[in-house]
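This one's a predicted model, so the numbers in the text were calculated from it and none came from an experiment.
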Amino acid sequence: MNRNLKVEIFHSLEEENEAEYKRRSRMTIEDRLREFAILQERRWGSDWATKPIEKVVSYEITDW
């Protein structure tokens with residue numbers, strides 16, 4: 001487990017986007033692919049490459 005975790009609080013989405021852009025710019029291609037694979041597994045499970053993705057539509061109704 002990574003014990004060097006860091007929490008940052010941003011005052012705007014623009015500030016967060018800039019920090020994320022800088023973080024990604026320091027990553028190697030292998031790091032980016034590893035992160036992408038982790039996100040895919042979280043979303044579609046470990047067998048995402050062999051099992052078809054179930055297409056689901058969702059929506060929400062707001063009163064504004």
Side-chain angles (χ1 to χ4, degrees):
M1 178 179 222
N2 186 352
R3 301 272 185 218
N4 297 322
L5 298 177
K6 179 179 172 183
V7 174
E8 292 186 56
I9 298 174
F10 301 100
H11 298 285
S12 68
L13 291 175
E14 292 79 15
E15 187 179 338
E16 187 275 335
N17 286 339
E18 184 178 334
E20 182 66 6
Y21 176 81
K22 288 177 182 176
R23 181 187 74 84
R24 287 184 181 149
S25 69
R26 292 188 299 266
M27 295 173 79
T28 65
I29 291 173
E30 291 80 12
D31 290 338
R32 290 180 188 206
L33 290 173
R34 191 176 308 109
E35 185 172 288
F36 184 64
I38 290 168
L39 294 174
Q40 283 181 313
E41 187 172 332
R42 283 184 192 169
R43 174 60 182 98
W44 294 301
S46 59
D47 59 348
W48 67 268
T50 58
K51 181 179 165 188
I53 296 171
E54 180 182 339
K55 296 178 182 179
V56 177
V57 175
S58 64
Y59 64 94
E60 86 181 55
I61 298 174
T62 61
D63 53 350
W64 46 271

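- In terms of the side-chain hydrogen bond (donor to acceptor under 3.5 Å, both in side chains) criterion, residue partners of Glu35 (sequence neighbours excluded) are, by chain and number, Arg23.
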- Task: Would you please test Phe36 and Arg32 for side-chain contact (heavy atoms from CB on, under 4.5 Å) and show each step?
- Result: CA-CA 6 Å; Phe36 184 64; Arg32 290 180 188 206; over 6 Å; no
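- Applying the under-4.5 Å side-chain rule to Ile, Leu, Val, Met, Phe, Trp and Tyr, the cluster around Leu33 extends to Ile29.
- Residue Ile61 is found in a hydrophobic cluster whose other members, listed by chain and number, are Tyr59; membership requires side-chain heavy atoms under 4.5 Å apart, directly or through intermediates.
- Contacts of Arg26 classified as side-chain hydrogen bond (donor to acceptor under 3.5 Å, both in side chains), with partners at least two apart in sequence or in another chain: none.
- In this view, Arg34 and Asp31 satisfy the side-chain hydrogen bond (donor to acceptor under 3.5 Å, both in side chains) rule, not counting sequence neighbours.
- Partners of Ser58 according to the side-chain contact (heavy atoms from CB on, under 4.5 Å) rule, which considers only residues two or more places apart in sequence or in another chain, do not exist here.
- Applying the side-chain hydrogen bond (donor to acceptor under 3.5 Å, both in side chains) test to Lys22 and every residue at least two apart in sequence or in another chain returns Glu18.
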